Amino acid sequence: MAESVEAKLTIKDFQSDQDVRWCPGCGDYSILAQIQRVFPEFTHKRENYVAVSGIGCSSRFPYYMDVYGLHGIHGRAPAIASGVKLANPALDVWVATGDGDGLSIGGNHMIHMLRRNVDIKVLLFNNQIYGLTKGQFSPTSQLGQITKSTPAGVIDPPFIPVSLALGAGATLVARTMDRDPKHLQEIVRRVEKHHGSSFVEIYQNCTVFNDGAFFQYTEKETRDDNVVYLEHGKPLVFGKNKEKGVHLNGFTPEVVDITTGTYSVSDLLVHNEQDSTLAFILANMIHNPALPRPMGVFLAQDRTTFEDAMQGQIAKARAKRGQGDLQKLLDGEESWTIS
Amino acid sequence: MAESVEAKLTIKDFQSDQDVRWCPGCGDYSILAQIQRVFPEFTHKRENYVAVSGIGCSSRFPYYMDVYGLHGIHGRAPAIASGVKLANPALDVWVATGDGDGLSIGGNHMIHMLRRNVDIKVLLFNNQIYGLTKGQFSPTSQLGQITKSTPAGVIDPPFIPVSLALGAGATLVARTMDRDPKHLQEIVRRVEKHHGSSFVEIYQNCTVFNDGAFFQYTEKETRDDNVVYLEHGKPLVFGKNKEKGVHLNGFTPEVVDITTGTYSVSDLLVHNEQDSTLAFILANMIHNPALPRPMGVFLAQDRTTFEDAMQGQIAKARAKRGQGDLQKLLDGEESWTIS
Amino acid sequence: MAKSVETLDEVTIRFAGDSGDGMQLTGTQFTNTVAALGADLSTLPDYPAEIRAPAGTTYGVSGFQIKFGSTDILTPGDACDVLVAMNPAALVTNVKLLRDGGTIIVNEDAFTDKNLKLANLHSNPLDDGTVAKFLVHRVAISKLTASALDDLNLSTKFVDKTKNFFALGLMYWMYNRPIDQSVKFIREKFSSKDPQVAEANLRVLKAGYNYGDTTEVFTTRYDVRPAQLPPGKYRNIMGNVATALGLVAAAKKSGLELFLGSYPITPASDILHELSKLKEFGVKTFQAEDEIAAVCSAIGASYAGALAATTTSGPGLALKTEALGLAVMLELPLVVINVQRGGPSTGLPTKTEQSDLLQAILGRNGEAPLCVLSASTPADCFHAAYEAARIAVKFMTPVICLTDGYLGNGAEPWRVPRVSELKPIPVSFAKNPQGFQPYSRDPVTLARPWAIPGTPGLEHRIGGLEKDHVTGNISYDPDNHDLMVKTRAEKIERIADDIPLQKVEGDAQGDLLVVGWGSTYGAIKSAVDSARARRRSVSHAHISYLSPFPKNLGEVLRNFKHVLVPEINNGQLIRLLRAKYLVPAVGFNVVKGLPLRAEEIEHAINEILGGKNG
Amino acid sequence: MAKSVETLDEVTIRFAGDSGDGMQLTGTQFTNTVAALGADLSTLPDYPAEIRAPAGTTYGVSGFQIKFGSTDILTPGDACDVLVAMNPAALVTNVKLLRDGGTIIVNEDAFTDKNLKLANLHSNPLDDGTVAKFLVHRVAISKLTASALDDLNLSTKFVDKTKNFFALGLMYWMYNRPIDQSVKFIREKFSSKDPQVAEANLRVLKAGYNYGDTTEVFTTRYDVRPAQLPPGKYRNIMGNVATALGLVAAAKKSGLELFLGSYPITPASDILHELSKLKEFGVKTFQAEDEIAAVCSAIGASYAGALAATTTSGPGLALKTEALGLAVMLELPLVVINVQRGGPSTGLPTKTEQSDLLQAILGRNGEAPLCVLSASTPADCFHAAYEAARIAVKFMTPVICLTDGYLGNGAEPWRVPRVSELKPIPVSFAKNPQGFQPYSRDPVTLARPWAIPGTPGLEHRIGGLEKDHVTGNISYDPDNHDLMVKTRAEKIERIADDIPLQKVEGDAQGDLLVVGWGSTYGAIKSAVDSARARRRSVSHAHISYLSPFPKNLGEVLRNFKHVLVPEINNGQLIRLLRAKYLVPAVGFNVVKGLPLRAEEIEHAINEILGGKNG
Ligand SMILES: Cc1ncc(C[n+]2csc(CCOP(=O)(O)OP(=O)(O)O)c2C)c(N)n1
Ligand SMILES: Cc1ncc(C[n+]2csc(CCOP(=O)(O)OP(=O)(O)O)c2C)c(N)n1
Ligand code: SF4
Ligand code: SF4
Ligand SMILES: [Mg+2]
Ligand SMILES: [Mg+2]
């Protein structure tokens, strides 16, 4: 039923008629905008996109995309999305979720979906807070953070979402930020290409309940010194003038200056997207505040997707036993006739 | 209320009056026996032990221990145990769970408990199958495994429980086996000492639905060649005659022969329980069938426990504001009197 | 030696032994043979929650009961005529189920001191009066089995495992049934894998049969004639299998792909197992990480255009509560099969009960009405599942289909329908973007359009927040909410226009109407038939459609002076009837994890009608 | 200029503006001042589900209504006397709530083309007839605010944020209230952090007050005298705060530590917030990863000897379903607070509803009876939570306490009880190993002993499988199950011996009894009072104890010819009443996410009694 003349899609085609209802200045606007900007580049027809979400500010995302959308219940988007994808593997399924939705109540569905490698692209809007319920801490909130439910400070050590996804066996794990539109776009392009589960942590500013949580990484003035961009096959260089790099001492990353002559670019850690140990080392850099925060693709591996394996078993059964004869099935193997 | 004369506890003190109802030959018997054997060595009074479980064959464990026990609902033991421990931090709280109970339906509670570092000792009886429901696959079942619910073979890649626990930020992660009583005992002793969440994966043979799943690691004939025992500060040596070792090539572990002269013990990877990167490398050895399976403590780190932090906040508040005057609280800050 | 043959109308046999003794297999084999010869029948497996509790203990006893006959067999029998007991534990735990004067066949070799102790017995029940009221045949089953296999050089353990076939052979002889079908079964099951096992089992089966034939202990054989069943093709079927087939049939008839999102739980898992075998039918089974993911995956699949189902039992249904509310809001078709078991909480996982009815109908946050059906017999599970799918798709609504442990594991002969006889299930996905509105409604059914991803021009968003009654956009408007709450309720009410009126078995009016639902069908019908035979003015209405009720139900109830509602719960249907129709119905509630017995229902009937009991 | 002062018995004011305009703060300030001067009052905040929807839109409008008076104030008012509207969106969405002839005070500066467009208006409602029926005061609030801050050199954005204090000041003037309390509030809240903010807000507050005093537009001030409240110490209290205090009080009185396992959800989160502040009381708050973990942690804490509670709203209660069944089986005390909101599913999260009643009572797998209470007014939440804890501990049972969004966020003056007046909550943990049996029962309450870990000699195991009725060991015995199912039900029934009989307000018999529960108390009472004033034979029974019902309820109902049951749901209490007492009660059900209005209830009363409406 493909229409014969396909007009090229534009950003407008992905903007729904619903008023966007996030708070003024919320980082969610940028994330939405980058996705609407990048989607027209992809090859899918508009009707084949499905956006699934749970509950939270971030989970309002589907309403604003003019594609098929399902705003589910809190934490369950990965499970709902799995059903969508398994029922119709031709669809391009995206999940929008928050740090609470995706890692607190929905943590189990998330890790199981990643383990199974269902081809679903997860965008986790991490603002280190519960936005929609007005400011309680989330599993990514920082130790000591004062929130509505922790007037004396958070005492739960946070998850490192990237580590958790790696531990669960995810095949593509990445991190980016609301306030770096170009990088965000690049990551979105990248996950669209990945065949398998993708998990993208997006640092997102909640202007109302956790303003500035990521400013040291996202703002022009401080970004260059605090962020290192990961590129496959490239050394980890950063700094305003690309003067610094990450060197590996045993398993321990360190910042080195590559302008003083002691270290040069060739001493630096070279990123390899396929190395899961390296990915874990990069994920753990968060524990040392002296290290820059890695952005980009931590890990990207190829593995059979769950839906391909499922279709494969069906195809195999059909090759062996035909399409299935209902009457024969009902009659069963041991029947008798009364006349 | 401590009784004045404390008789030394014996194994009998930990055997309840309930008939043990596992299948003949089930690996659960050994696990139970080792624990009953080791508990008398510990310093707690018997009344201070609490065993909490979910649902599954393994989750019947509390009934057989003559301590306080709560046989909960499927998957929720870590959450129930957290409540027990937070309400009374003086208790020594153990969780018995299965690969289905603890990693399928209960995966989320598990990772959150580990992240928080509540001082609870988790024993995960991993038999790579659902025993109690008669043989469906679990999240640790192997790809291709034929089970009641996968007549054409499992298509979900399994979790590596150790990796998942590491990714969640656990502070003690270990692996042992039902059929190595001494090692099992040693690990139980070790986690008893740990102040924080402990996660112990125990390879357990389900004689009825997955017999022999771990025999290459557990049986005398093959164990030495297929298992490497981890000891802090010691090189990874294994083999019938201690002739082999694990050497690290970059991040990649390899088996080397230390008898031919090419490699010696000093070339081998030396275990360091405190190194989380190393722990992850060891956990991932599972992917390469040529490598031996590590048993022992993968990681052991010290971090404030959740209950200590909670008690600390209460103590701090009391130091500042006293014990709390209920009448004052009810009266509130803006009240008026009508007479 | 010449043996006489007596003809019986019906007989109830119970096989009981250790979990490891293969009693379920024995019972099933016997059932299949009996069924194929045209008897009507009903079975009740009764196994412990433990997988394989230590041998010899009372809690490790596994039982299988079958009633069969040339008459209309409605229940697996209140009391047994024959008990086959493989060890002391099996004897003492089951003897109370035998009618006075009934027959016991025991494996006397198993009455060792060790086994008596394991069964917590201080004396041998064969000698201490326990079995005085019965006709006891002590058979040295273990020894006879061993000698049949003497020359094969097998381990004692192995030999012991075959002894159930001895009992089976003996029963075949006793009930004048050929062993052929079991011979075929043994050959097919074991010959290729392990010829020695096949050989041993066959020998023992025959030894049992021949033992009956030659020994002097048994002088009479019994014959049960074929039942007068309507013509057609028949098979013996368990409820869980029938449920699975009902779903597959609905998928085929509707032209949809079947998607099952499930999480294993006793006694529902077999539906998942059955469906996972049917890959050539394009059936997709997804064993999720838990029940929440199971139902959510089904909701997603339904959104994407599959015939989506989820199967579970009580605790699992509890976990699906929130997501079912979402399905109600989304107005997507969804079939939820709940195989009820003993509750509350983990309860009695392997036992039967009818205590999830109110949860199914009323147990959700907010006003979340949906359709609830039930199955009355094992074979009826097919129809109930099929009907659930039909209504789900037609009315764009979740439908909960209640069966229970007894129905799921019980079996009976089923007249297999021709595919062409099955009610059509027409489905038309929305296609036309012109004027498309996600929450516009069919004027008759009030169903909204099913517009699936992949359809050009129908891109739309739906979710769990209240929606505008036309566009489906989020709406916080007070009047719209009131309208939507009432419209969702009205849509479910309209299903009553699409289902049969309530039937009454017996006269349409009289002194007493016994109202039931679900698996008590056979027991109630037996009780009512028997009371009617004694000229009582009593009729039976069995409700399959529980939400909404059939339109004539109020009228039906008001035609009787009294209404009695037997249920295996503490009074659930009765609450709904009293609330809706204000009839002073009284309940009969026995909650033992077992099917109700016809006899006790009849007793309750007599109590109301003032007649003599006993 | 001289202004006259008029005395009013009661008045209803509604503040409405953008989410960012601080209307909730304005309303709360006004409320506190009015309360402290001894008026009776009732408030209703009404805010959108979006955190801060784009300024100027209709869905971003946030409202706060207060009714106060010298009379007994029962509801926040059906219709408002005064509407303060800060922009066009606020005006048009709220004007329908104003009584004919009511007063509107608008910020006329906000009626710009841009704002009209944002509110989707094609003409200016101030000019197009929309407000023709009302007395409209156009006040240049923005400009007046700006000029008050002229010399401070503040950003326009900042200045704009203070304008709500202008409105507040003006209303203080108009209702003859001193500004002192708000002055104190501003000083305490802002002075140390940001003195400039404090200064600006104070100036604007005064400017508003003075504007009323000096301008010629307002000629009359109104005086509302203190209400005739019983003597005592009073404070103004919101329902969620009262709930939190009830739990803390119960913990102190019982000598137990309070443990709260919770997961944030609107509109219940404030209870968690309140309790998390009270660490010096030894209160432990645990924000779990989800609702299941929340309730399970509370079950664990209860097992360990804490007074354990969990707080949530509808979707969260749905998720707790399975675990509540476990709590029923374990027979441990547990308080579940459910702050109901609009359903089903995510529904209308910030709106109020009474639609979780049947879920609370009946929505679990198996027969899982527990105790259910409700609160009738914001202050009554204290009593309801306290009572829930008392019953939970006394009967060793989970208790669900139902409040709702309106109660949780609404406020009223509360006569603060003296701690010594509170009912004692005696707790005695089991200590004596002699003859200890985990499931032995108190002969009166049927409660089992509470034997907590750490007690020597009482080591025992409990769980969700059916248990022997004495030892608590796993039991699959059929008779034991029947006994336990019935004993658990009986235990809950016995709570009826421990609670007050049902009171009737009005005559004990007559033509019509209006029966309600929960937050409709005020509206029903107003309606009934008003009908009685017109000599109708109508009384009011408001049920706080919903499971079990008070023992005399059947009698109470049967003393009236008609029974009317108004509920903010599709008919839930009414089902229970009809099922239990077979009374032909009729419902009045408006499900708009809003409190019922007294007027519409009175209308329904008149319909039944055949009187004139209107
Ligand atoms: C079952 C259930 N529990 C709780 C809630 C309340 N709730 C809605 S969103 C949310 C958390 C939102 O946090 P996050 O996922 O980080 O999203 P954000 O708003 O920060 O984007 C919570 C607790 C709910 N809607 N449903
Ligand atoms: C809510 C719920 N869902 C499902 C079940 C059924 N169930 C009981 S145990 C179990 C899995 C057991 O597997 P595992 O945890 O690996 O334990 P094992 O029996 O293998 O020791 C399942 C699915 C249940 N009891 N409750
Ligand atoms: S509350 Fe925070 S996350 Fe939510 S819309 Fe507002 S700024 Fe964004
Ligand atoms: S089924 Fe397996 S795990 Fe369960 S008791 Fe039997 S052998 Fe052990
Ligand atoms: Mg967030
Ligand atoms: Mg297992």
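Keep in mind it's a predicted model, so treat the numbers as computed, not measured. So you know, we letter chains A, B, ... as the sequences are listed, proteins then strands, and number each from 1.
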Using non-hydrogen atoms and a 4.5 Å limit, figure out which bit of C:F281 sits close to chain A: side chain, backbone, both or neither.
both
Please classify the contact of A:M113 with chain C as side chain, backbone, both or neither, using a heavy-atom distance under 4.5 Å.
neither
With a 4.5 angstrom heavy-atom cut-off, is it the side chain or the backbone of C:E289 that approaches chain A, or both, or neither?
both
Chain A: which of C:A308, C:A294, C:P417 shares the most heavy-atom pairs with it under 4.5 Å?
C:P417
Against chain A, work out which of C:S420, C:G305, C:G232 has the most heavy-atom pairs shorter than 4.5 Å and name it.
C:G232
Supply the atom-to-atom distance A:E333 CD to C:R235 CZ, rounded to the nearest 0.5 angstrom.
8.5 Å
Among C:L37, C:I474, C:N32, which residue forms the greatest number of heavy-atom pairs with chain A at distances under 4.5 Å?
C:I474
Check the side chains of C:N236 and A:E334 for a donor-acceptor pair under 3.5 angstrom, ignoring hydrogens and angles.
no
What part of C:R418 lies closer than 4.5 angstrom to a heavy atom of chain A: side chain, backbone, both or neither?
both
Kindly give the heavy-atom pair with the smallest separation between A:R60 and C:L465, and that separation in Å.
NH2-CD1, 3.7 Å
Non-hydrogen atoms of chain A under 4.5 Å away: do they reach the side chain of C:S302, the backbone, both or neither?
neither
Given heavy-atom pairs under 4.5 angstrom as the criterion, report whether the side chain, backbone, both or neither of A:L329 touches chain C.
both
Between A:F306 and chain C, which part of the residue has a heavy atom less than 4.5 Å away: side chain, backbone, both or neither?
side chain
Where do C:K252 and A:D325 land on the side-chain contact (heavy atoms from CB on, under 4.5 Å) test, with the steps shown first?
CA-CA 10 Å; C:K252 282 278 154 184; A:D325 175 337; over 6 Å; no
Side-chain heavy-atom pair A:R76, C:E322 within 4.5 angstrom cut-off
yes
Measure from the side-chain N and O atoms of C:R461 to the backbone N and O of A:L70, and report whether any donor-acceptor pair falls under 3.5 Å.
no
What distance do C:S297 atom OG and A:I80 atom CD1 have between them, rounded to the nearest 0.5 Å?
9.5 Å
To the nearest 0.5 Å, how far apart are OG in A:S82 and CZ in C:F286?
5.0 Å
Output for pair (A:Q18 CD, C:T471 OG1), nearest 0.5 Å, gives 7.0 Å
Among the listed options C:V248, C:L245, C:I462, the residue most often paired with chain A at heavy-atom distances under 4.5 Å:
C:I462
C:K184 atom NZ, over 12 foreign heavy atoms within 6.0 Å:
no
Top residue by heavy-atom pair count (under 4.5 Å) with chain A, among C:G38, C:G282, C:A288?
C:G282
Does any backbone or side-chain atom of A:R115 lie under 4.5 Å from a heavy atom of chain C? Answer side chain, backbone, both or neither.
neither
Would you mind checking which part of C:A323 comes under 4.5 Å of any heavy atom in chain A, side chain (CB onward), backbone (N, CA, C, O), both or neither?
both
Evaluate the side-chain contact (heavy atoms from CB on, under 4.5 Å) criterion for residues A:R318 and C:K279: first the C-alpha distance (whole Å), next the side-chain angles of each, then the deciding distance (0.1 Å), finally the verdict.
CA-CA 7 Å; A:R318 287 185 160 161; C:K279 305 222 183 303; over 6 Å; no
Among C:A242, C:A249, C:A306, C:P226, which residue has the highest count of heavy-atom pairs closer than 4.5 Å to chain A?
C:A249
How many angstroms lie between atom CG of C:L229 and atom OG of A:S339, to the nearest 0.5 angstrom?
12.0 Å
Is there a side-chain contact (heavy atoms from CB on, under 4.5 Å) between C:T455 and A:E47 once you walk through the steps?
CA-CA 6 Å; C:T455 315; A:E47 62 268 23; 5.7 Å; no
Please list, in residue-number order, every residue in residues 100-108 of chain A that has a heavy atom less than 4.5 Å from any heavy atom of chain C; write 'none' if there are none.
A:N108
Go through A:T337, A:N48, A:L326 and name the one with the most non-hydrogen pairs under 4.5 angstrom from chain C.
A:L326
For C:C296 against A:I73, the heavy-atom pair lying closest together
SG-CD1, 4.4 Å
If I take atom CG from residue A:D331 and atom OH from residue C:Y234, how far apart are they, to the nearest 0.5 angstrom?
13.0 Å
For the backbone of A:Y68 and the side chain of C:Y303, can you confirm whether one donor and one acceptor N or O come within less than 3.5 Å of each other?
no
Where on C:L278 is there a heavy atom nearer than 4.5 Å to chain A: the side chain, the backbone, both, or neither?
side chain
Output the option from A:G322, A:S16, A:G69 having the highest count of non-hydrogen pairs under 4.5 Å with chain C.
A:G69
For A:Q327, is it the side chain, the backbone, both or neither that has a heavy atom under 4.5 Å from a heavy atom of chain C?
both
Write down the atom of A:W336, the atom of C:A36, and the distance for their closest heavy-atom approach.
CE3-CA, 3.4 Å
What are the two closest heavy atoms between A:L91 and C:A304, and how far apart are they?
CD1-CB, 4.4 Å
Heavy-atom pair with the smallest gap, counting every atom of C:F382 and A:L330
CE1-CD2, 3.7 Å
Would you please test A:I314 and C:E280 for side-chain contact (heavy atoms from CB on, under 4.5 Å) and show each step?
CA-CA 6 Å; A:I314 291 177; C:E280 68 273 26; over 6 Å; no
Proximity breakdown for C:V295 and chain A, heavy-atom pairs closer than 4.5 Å
neither
Considering all heavy atoms of both residues, which atom of A:N88 and which atom of C:P453 are nearest to each other, and what is their separation?
ND2-O, 4.2 Å
With a 4.5 angstrom heavy-atom cut-off, is it the side chain or the backbone of A:H112 that approaches chain C, or both, or neither?
side chain
